[in-house]
Structure formats: structure tokens, C-alpha cells
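One structure is given below, encoded as C-alpha cells.
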Amino acid sequence: MYEWSEEHRELRAEFAHWYETLGEGHLEADRDSGLPPRAWERVRASGLLRLPFHAEWGGRGLDLLSTMYVLEGLGEGCRDGGLCFSICTQIVSAGIPLQRFGSAELKARHLPGICDGGTITAHAITDPNGGSDVLGMGMTAKPDGDDWILDGDKVFVTNGPVADLIVVYALTDASLGPFGLTAFLVERGTEGVLAGADVPKMGLRTSPLGELSLRGCRVPAANVLGRPGMGFAVLDHVMRWEILCSFIVQVGAMQHRLDRCVEHATRRRQFGRPIGSFQMIADQIVDMKIGVETSRRWLYDAAEGFVRGRDVTTDIAIAKVLASEANVKSALSAVQIFGGRGYLTETGLEKDLRDAVGGTIYSGTSEMQRIRIARMLGLKESQT
Amino acid sequence: MDITQVIREFVVTEYLPDTPPDELEVDYDLFRNGVINSLDLLRLISWLKDHFGIPVDELDIVPENFRTVAAIRDFVDSALPAPAERTLK
């Protein structure tokens with residue numbers, strides 16, 4: 001298990017007072033949907049958006065694991081799961097690929113705003129007719145002089161309704177297989193860009209989610225991240241960061257929920273004894289503990305391997321499946337352990353459950369992760 | 001076995017099971033002919049890391065390094081230390 005230094009603990013403590021503040025009014029915010037008014041201003045003031053970016057653009061210069069450690073604290077301390085999700089998207093969707101693959105000019109232009117939160121970011125990956133098969137996407141980009149012309153639609157764009165800067169993945173040459181995809185940085189004000197309104201959804205309601213339509217949208221060739229054809233590598237890099245960051249937030253949330261259930265099961269009495277003394281309740285709490293510990297270890301271990309250059313394709317997929325499914329199970333157990341009160345909105349546990357369900361779907365469904373693991377094991381596609 | 005043959009056998013075994021290894025030309029375009037999709041590419045990269053012990057950075061994931069058996073061989077060659085120090089599995 002990863003050993004955290006005193007410096008790490010001090011770093012996390014530095015942000016601690018923000019966590020609760022960011023989650024204030026989370027029940028009402030969930031009921032109202034959309035990014036809560038004033039919440040983003042608080043997020044900006046917290047400095048959380050700066051964590052993994054170099055100091056020259058206004059970042060804190062933290063490595064991946066330190067960033068995750070602070071974000072785990074966010075998940076533990078902030079009860080607004082949707083806001084946490086939007087924070088993760090802001091960090092990983094455009095800033096991370098820009099820092100890794102962007103030109104010096106693009107970085108200088110956009111990273112300070114991303115660190116500061118004055119520029120809200122999103123990434124547009126999913127095709128309305130597609131899903132996990134990114135090469136089946138309908139968004140195309142064709143070269144035209146020094147520009148590219150993007151055409152197509154995207155769905156499930158987190159932060160999309162409010163984003164100023166969006167990384168759009170488009171097909172640039174279908175015949176090149178995995179190298180047919182290119183990542184473009186698209187500014188909201190570009191002619192032909194139309195962002196849809198917030199779409200109602202089951203959970204994560206405070207994280208705006210929308211559609212994006214691009215019609216004859218002219219983007220300078222200088223806005224390509226990496227090179228044309230590198231979209232797959234960019235996306236794979238971003239997905240690793242997205243999974244590690246957004247699910248370590250969930251580990252924090254699971255830890256908080258576990259502590260809450262232990263406290264409740266110790267205090268709440270039935271038949272003259274604490275309900276935690278009933279084996280069936282204890283078993284559920286023990287499974288919550290196993291879920292937290294397993295997910296945490298897999299995420300940090302995969303992150304450490306990723307940083308060291310180990311091949312972690314399978315590890316990240318396993319960590320994602322474990323953490324997302326453990327979170328759903330933990331949220332469901334918490335509702336059950338709290339009984340009737342767990343079913344009430346005011347406890348916040350039913351919201352946790354609704355938020356958790358999304359985790360098995362976004363960033364590559366559990367099914368898709370299992371397909372990846374199978375392929376990495378050498379189990380092949382049917383040839384018939 | 002030389003590197004070209006090792007790579008050719010991996011590609012054939014993994015992605016072209018009905019093709020005898022020697023029939024796969026080293027300049028056969030693996031993308032335009034639809035041999036390697038994105039999941040296959042992930043496995044190929046993982047195999048290159050494991051088998052040859054070479055780091056494959058995201059910035060190396062460009063078509064010219066993976067388009068043909070010859071291209072993969074050249075990429076491995078450029079990433080490997082001098083032949084005397086090689087320890088192939």
C-alpha cells in the first residue's frame with residue numbers, strides 16, 4: 001500500500017476546509033439540478049483545479065498520485081458528487097491532454113484559465129449512434145488549407161452546457177483504424193458550435209451534461225492536440241487520468257459512507273442491542289470496508305504503474321470495474337442499513353446511490369472494461 | 001529468431017490466424033487492411049513492452065511506428081539497447 005508522507009498529509013489538510021464548503025446545500029442543489037450558483041466560484045477559490053499543472057501556468061505542479069490523494073479527500077469531505085465530477089472533468093478533459101500533447105502556444109493561451117477555473121472545460125467523445133467504439137463515430141474533420149472543418153454531433157458531454165473550451169475527438173481518416181482519430185481543441189465561440197442545454201439524468205445532477213453540435217466548424221490546424229491521427233493515444237491517456245481521478249474521489253465518498261454506517265450501526269438499537277451486532281448488518285459493513293480498501297489499493301497501484309511507465313491497460317480496467325461496482329454496492333448497503341431513513345432524500349443516501357450508478361457507465365462501461373481485459377488476456381474476437 | 005520474425009509471428013497469431021507467418025509481407029499495411037483495431041493496438045503495445053522490455057510512451061503511438069511489421073521492427077530496434085545487451089524473453 002502506498003505510504004503517504006507528512007508533506008502529503010499537510011497538502012490534503014490544506015484543502016480540508018474547502019471540502020465541506022463546496023458541498024454546502026447539496027440536497028437542494030441536487031433537487032434543482034445544474035451547476036449550483038456560486039459553486040464554481042468556490043471551486044475556483046479552493047485552488048483544487050490547479051493541482052496537476054505546472055507552476056508556469058499557475059498550477060501546483062503535483063504529480064498524479066499526490067493529485068489523487070487530495071481528490072480522495074475531496075470525495076470524503078464534499079457531499080456534492082456531481083460537483084466533484086465536474087471538478088474532475090475540468091482537470092482531466094482539456095488541461096491534462098493540453099499539458100501532455102499541446103503546443104507551447106496552446107498551453108500558454110489556455111492553461112492559465114484552466115488552472116484558475118475562469119475557463120471551464122469539457123471533452124466530447126461519444127457519438128449519438130455509438131458509444132464505446134470510438135472509431136465508429138460520426139464526427140468527422142476534413143483538412144481545408146491551414147484549418148480543419150469539423151462536422152457532427154456528440155452526446156453525454158459533461159460540463160458541455162457551460163464549457164468554454166472543449167476537446168472534440170473526430171474521425172480524420174477511417175481507413176487508418178486506431179490512427180483515424182484526432183483530438184481538436186474547440187473554443188465555445190467558434191462559428192458552428194452549438195452546445196445543448198443540461199439534460200435531466202438519474203444522478204450527478206449538479207454536473208451539467210449536454211449535447212454538442214458542430215456544423216462546418218472551422219478549427220485551426222494549430223488546435224490539434226499531438227498530431228493528426230494521435231487522437232486514440234490522447235484519449236487513452238485522458239481516460240487513464242479520468243478513471244484514476246474520478247474514482248479515487250468515489251473511494252473518498254465510500255470511506256465517508258462506511259464511517260457513517262459504522263456510526264449509525266453502533267448507535268441505532270433494535271431489540272435492545274445495536275444493529276451492528278446483528279451479523280447481517282455487520283456483514284454488509286464489512287463488505288463496504290473491503291470495497292473501499294480494494295478499490296483504493298487498485299487505483300493507487302495502477303496510478304503508480306502508469307507513472308513508472310508500466311503497462312497498466314488491464315490494471316486501470318480492473319480498478320475501474322472494482323471501484324465503480326463497489327461504490328454502487330456500498331451506496332445500496334448504506335440505504336439498507338439506514339432502513340426507512342436511508343430511503344428519504346434528506347439523508348442524502350439515495351442521492352449517493354443514484355450518483356454511484358453512473359460510475360459503472362461513464363469512462364467506459366463495466367462491460368467495455370471487461371472486454372478490454374479479455375482482449376489483453378489474448379481472448380480474441382470471434383472470427384465468424 | 002530475429003526480431004522481424006518474432007513480431008510477424010505475434011501479429012499472425014493474434015490478428016491473422018489463418019495466415020502462415022511467412023506469407024505476411026513485412027510492408028503489409030496493417031491499418032488500411034483492417035488487421036489491427038484499437039483494442040488490438042493496446043494489446044500490441046502491451047506485448048512490445050513486456051516482450052522486448054521497452055517503454056512505449058503515448059508520444060510514440062503514431063502510425064509510422066505500427067503500420068507494418070517492418071515499421072514495428074524499426075520502432076523496437078530504435079528503442080532497444082545495443083544487441084549485446086539485449087535479453088529477449
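Below, read A as the first sequence line, B as the second, and so on, with proteins coming before strands; counting in each chain starts at 1.
- Heavy-atom proximity under 4.5 angstrom to chain B picks out A:Phe306, A:Gly309, A:Arg310, A:Asp311, A:Thr313 from residues 301-321 of chain A.
- Around CZ of B:Phe31, the count of heavy atoms belonging to other residues, nucleotides or ligands within 6.0 Å exceeds 12.
- Proximity to chain A (any heavy atom under 4.5 Å) is shown, for B:Leu59, by both the backbone and the side chain.
- Per-residue counts of heavy-atom pairs under 4.5 Å with chain A were compared for B:Val35, B:Asp57, B:Ile45; the largest is that of B:Asp57.
- Across every non-hydrogen atom of B:Glu58 and A:Ala233, the tightest pair is O-CB, 3.8 Å.
- Annotation: side chain of A:Met368 is in contact with side chain of B:Leu39 (closest heavy-atom distance under 4.5 Å).
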| query | Would B:Arg67 and A:Phe179 satisfy side chain to side chain contact (heavy atoms under 4.5 Å, CB included), going step by step from the backbone distance to the final call? | reply | CA-CA 9 Å; B:Arg67 187 188 288 274; A:Phe179 293 101; over 6 Å; no
| request: Apply side chain to side chain contact (heavy atoms under 4.5 Å, CB included) to the pair B:Leu42 and A:Arg372, showing each step before the final yes or no. | output: CA-CA 9 Å; B:Leu42 288 174; A:Arg372 267 190 167 215; 3.3 Å; yes
| query | Taking it one step at a time, do A:Arg375 and B:Asn37 satisfy side chain to side chain contact (heavy atoms under 4.5 Å, CB included)? | reply | CA-CA 11 Å; A:Arg375 295 301 288 279; B:Asn37 66 24; 4.2 Å; yes
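- Here OG of A:Ser175 is found 8.0 Å from CG of B:Asp29. Values are rounded to the nearest 0.5 Å.
- Proximity to chain A is absent for every atom of B:Pro55, based on heavy atoms less than 4.5 angstrom apart.
- Between B:Leu41 and A:Pro178 the shortest heavy-atom distance is CD2-CB, 3.8 Å.
- Interface residue A:Ile371: only side-chain heavy atoms are found under 4.5 Å from chain B.
- Within a 6.0 Å radius of CG in A:Asp146, other residues, nucleotides and ligands contribute 12 heavy atoms or fewer.
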